[in-house]
Student: 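Would you mind keeping the following structure in view while I ask a few things?
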Amino acid sequence: MTIVVIVGIVNAILFLSLFFIKVNNNNFGTEEASAETFSRTFSQYVELHAGKPVVNEEGLNKLQEMSAWVQFLNNHGQQVAAFYTPGELQTAYSPIEIVQMYKYKELDASTTVFISKAQNFSYFLGIKNPKIGRYVMTYDYAKIFKDVNVFLSIFLIIDVLIVIIIGFLFGKKLTAPLHTLIEGIHQLRERRFKKMPTPKGVYEDVFRNMNELSEKLDRHEEERKHLDKMREEWISNVSHDMKTPLASIQGYAEFINDSATDLTAQELQEYTSIIKSKSMYMKDLLDDLNLTMRLRNHQLSLQFEEVNLVQFLREMTIELLNDPTFGERQIEFEANVVKAVHKVDKKLLKRALLNFIYNALVHNDENVVVKIRVETINPHTQITISDNGQGIPAKDLEQVFERYYRGTNTTSKHGTGLGMAIARDIIWAHEGKLDLTSVENTGTTITILL
C-alpha cells in the first residue's frame with residue numbers, strides 16, 4: 001500500500017512539473033518550434049542595399065521552402081521592402097495593428113505571423129502552414145499555485161481512496177485463501193484429511209503441497225489403523241495360543257501333582273511328554289516373535305558367507321526327500337547353471353526357503369508336485385518355488401506375509417503363524433525381492449530375486 005501511495009505522489013509531481021515546463025516554454029510542437037527559430041534567425045539572410053533591406057538568394061530559397069513571406073517595416077510601421085507577400089497584406093500598421101498581427105491570425109487561418117528585427121528594421125515573417133499554431137496564455141502565479149494546491153489535494157485524495165479500495169479488495173483476496181489454509185491445518189490437527197480446492201496465483205504451490213501432505217497423512221492414518229488392528233489381532237491370537245499350551249501345562253502339572261502316586265509309569269511319561277511339547281511350542285513361538293521383531297527393526301546381524309546357491313538348493317532338496325515325513329512326496333529340482341555364488345546368511349536363507357517349501361507340502365494334498373528352480377538372470381539369481389496345489393484365494397493374497405496370519409483355506413495349525421512373515425523379512429534382509437502369485441485350484445509360485 002505504501003508503494004502505491006508513493007508512486008501516486010511521484011506521478012502527480014512529475015505530471016505537474018512537465019505541465020509547467022511546457023506552459024513556460026510555450027513550446028507544444030516541433031513544427032511551431034521550428035518556425036519560431038526560422039523567423040528569429042532569418043536576419044542572417046538580410047542585407048542592406050542603398051539603405052533598404054534586401055533578402056539574399058539563400059534567404060529567398062528558404063522562404064520558398066517554408067512557404068513563407070517577409071515584410072520589412074520602418075520605425076513608423078510603414079513597409080520599406082517585401083518578398084513573396086500576398087496582395088491583400090497591408091503596407092502600413094499602427095502599433096495596435098502590429099500587436100494584433102503577431103498575436104492573432106489576422107491574414108488567414110492557415111498563416112502564422114512572426115515578428116523580429118534585422119538591420120535596424122522590423123519585419124513580419126508569415127508562414128503558410130495549417131499545422132503551425134500559436135496560443136498566447138495569460139496567467140496569475142498566485143492563482144496558479146492556489147489551483148495547483150487544490151488540484152494536488154484532489155489528486156492525493158483520489159489516490160488515497162483508490163489505494164484504500166484496492167488495498168481492501170486485494171487484502172480480502174489475499175487473506176481469503178489464508179483462512180481456507182488455516183481451516184485446512186485445523187482439519188489436519190483433527191485428523192480430518194479433506195482435500196482443499198487449489199486456487200491460482202501466489203498460494204497455488206502452498207495449497208498443492210498441503211493437499212499432498214493431507215493425502216500422505218491420510219494414507220499413513222489408514223496404515224496406522226490397519227497396523228493397530230493387525231497388532232490387536234496378533235496380540236489376541238498370540239495370547240490365545242499362549243493360553244492354550246499354558247492351560248495344558250498347568251492342567252497336566254496339577255494332575256501329576258495331585259495323583260502322582262496313582263499314575264502308572266506310562267501315564268506319567270505321556271503327561272510329561274505333553275508338557276514338554278507344549279513348552280517347546282511356546283519357546284518356538286517366543287523365538288519366532290523375537291526373530292521377526294529383530295528382522296523388522298534391522299537389529300539382527302547376518303552372518304554372510306559365499307554360497308553356491310545351486311549346490312545349496314540341491315542339497316536342501318535331497319534332505320527333504322530323505323526326511324521320512326516328505327520322502328514319498330514329489331519334489332523336483334532344476335537349474336540352468338552349475339554355479340551361482342552369493343554372499344548370504346546360510347542358516348537364515350535355508351529357514352526362509354524351507355518355510356516356502358513346507359507351506360507347499362503341508363497345505364496341499366499328497367499328490368502335489370513342488371518344483372524348485374534356480375536360474376541366472378544377469379546380474380541376478382532367481383529362485384522359483386512353485387506347486388500345482390489348491391492355490392490361495394485372491395482375498396488372502398495381500399495378507400499372506402502378515403505376521404500371525406493363516407489363510408481361510410488353511411486347515412493345519414502346525415507352526416507359530418509367523419513363518420511367512422519371517423521368510424519375507426529374511427529375503428528383504430538380503431536385499432532381495434520377493435513375489436508371490438497364486439490361482440485357486442491351479443497352484444502357487446514364489447519368485448525370489450537375489
Side-chain angles (χ1 to χ4, degrees), residues 10-145 147-148 151 155:
V10 170
N11 285 339
I13 294 173
L14 182 61
F15 171 77
L16 292 173
S17 299
L18 291 174
F19 177 79
F20 277 110
I21 290 170
K22 287 291 186 180
V23 170
N24 289 333
N25 286 342
N26 201 17
N27 192 4
F28 289 96
T30 56
E31 289 286 347
E32 195 276 338
S34 177
E36 179 79 16
T37 302
F38 174 67
S39 66
R40 293 187 182 278
T41 60
F42 189 73
S43 59
Q44 63 182 313
Y45 306 116
V46 179
E47 302 172 356
L48 283 178
H49 288 189
K52 290 185 178 182
V54 177
V55 178
N56 60 24
E57 186 176 351
E58 185 181 357
L60 294 174
N61 292 334
K62 290 288 185 181
L63 288 173
Q64 289 180 342
E65 289 175 8
M66 295 289 291
S67 298
W69 51 263
V70 64
Q71 182 183 42
F72 294 94
L73 306 175
N74 59 19
N75 292 335
H76 300 291
Q78 297 172 339
Q79 177 179 306
V80 294
F83 299 88
Y84 306 134
T85 54
E88 66 273 19
L89 190 64
Q90 294 179 222
T91 57
Y93 302 89
S94 64
I96 189 65
E97 288 175 330
I98 293 175
V99 172
Q100 289 288 102
M101 177 66 76
Y102 175 74
K103 192 173 181 180
Y104 304 107
K105 292 189 176 181
E106 291 290 312
L107 191 61
D108 57 61
S110 62
T111 301
T112 303
V113 178
F114 299 91
I115 189 169
S116 190
K117 189 174 183 179
Q119 303 294 346
N120 295 323
F121 291 94
S122 299
Y123 62 84
F124 283 139
L125 193 147
I127 300 177
K128 190 172 179 126
N129 189 338
K131 294 181 181 179
I132 297 175
R134 179 192 295 113
Y135 301 91
V136 180
M137 298 181 64
T138 57
Y139 46 84
D140 183 342
Y141 283 108
K143 189 174 185 303
I144 286 176
F145 281 115
D147 293 340
V148 167
F151 177 75
F155 192 87

Student: Taking ring pair (Phe, Tyr, Trp, His ring centres under 6.0 Å) as the test, write out the residues that go with Tyr93, two or more places apart.
Tutor: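 With neighbours one apart ignored, the set is Phe124.
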Student: Without swapping roles, check the side chain of Tyr123 against the backbone of Ser39 for a donor-acceptor pair under 3.5 Å.
Tutor: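 Yes, Tyr123 side chain to Ser39 backbone: donor-acceptor pair under 3.5 Å.
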Student: How many angstroms lie between atom CG of Leu63 and atom CZ of Phe38, to the nearest 0.5 angstrom?
Tutor: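 Rounded to the nearest 0.5 Å, the CG-CZ separation comes out at 5.0 Å.
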Student: Any side-chain to backbone donor/acceptor pair from Gln71 onto Gln90? Under 3.5 Å, distance only.
Tutor: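 Pair found, side chain donor or acceptor close to backbone of Gln90.
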Student: Does Val80 reach the side chain of Pro53, with side-chain heavy atoms less than 4.5 Å apart?
Tutor: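 Yes. Closest side-chain heavy atoms under 4.5 Å.
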Student: Taking only residues two or more places apart in sequence or in another chain, which ones pass ring pair (Phe, Tyr, Trp, His ring centres under 6.0 Å) with Tyr45?
Tutor: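 Expected list: Phe42.
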Student: Between OG1 of Thr111 and CD1 of Ile132, what distance do you get to the nearest 0.5 Å?
Tutor: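 With rounding to 0.5 Å, OG1 (Thr111) is 10.0 Å from CD1 (Ile132).
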Student: List the atom of Lys117, the atom of Ser43, and the distance in Å for their closest heavy-atom pair.
Tutor: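 Reported closest heavy-atom pair: O-CB, 3.8 Å.
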Student: Can Phe114 and Arg40 be said to form a side-chain contact (heavy atoms from CB on, under 4.5 Å), step by step?
Tutor: CA-CA 8 Å; Phe114 299 91; Arg40 293 187 182 278; over 6 Å; no
Student: Atom CD of residue position Glu88 - does it have more than 12 heavy atoms of other residues, nucleotides or ligands inside 6.0 Å?
Tutor: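 Buried by this count: over 12 neighbours within 6.0 Å.
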Student: Rounded to the nearest 0.5 Å, what's the gap from NZ on Lys62 to CG on Leu125? Could you check?
Tutor: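 Rounded to the nearest 0.5 Å, the NZ-CG separation comes out at 13.0 Å.
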Student: Run the numbers on Val113 and Trp69 for side-chain contact (heavy atoms from CB on, under 4.5 Å), then give the verdict.
Tutor: CA-CA 9 Å; Val113 178; Trp69 51 263; 4.1 Å; yes
Student: For side-chain contact (heavy atoms from CB on, under 4.5 Å), just list the numbers for Met101 and Ile115, CA-CA rounded to whole Å, side-chain angles, deciding distance to a tenth of an Å, and then say yes or no.
Tutor: CA-CA 9 Å; Met101 177 66 76; Ile115 189 169; over 6 Å; no
Student: Test side-chain contact (heavy atoms from CB on, under 4.5 Å) on Phe72 and Val46; report intermediate values, then the result.
Tutor: CA-CA 10 Å; Phe72 294 94; Val46 179; 3.6 Å; yes
Student: Once rounded to the nearest 0.5 Å, what's the spacing between atom NZ of Lys128 and atom OG1 of Thr112?
Tutor: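 Reported value, rounded in 0.5 Å steps: 11.0 Å.
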Student: Within a strict 4.5 Å, meaning less than it, do heavy atoms of the Thr91 and Gln78 side chains meet?
Tutor: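 Not in contact.
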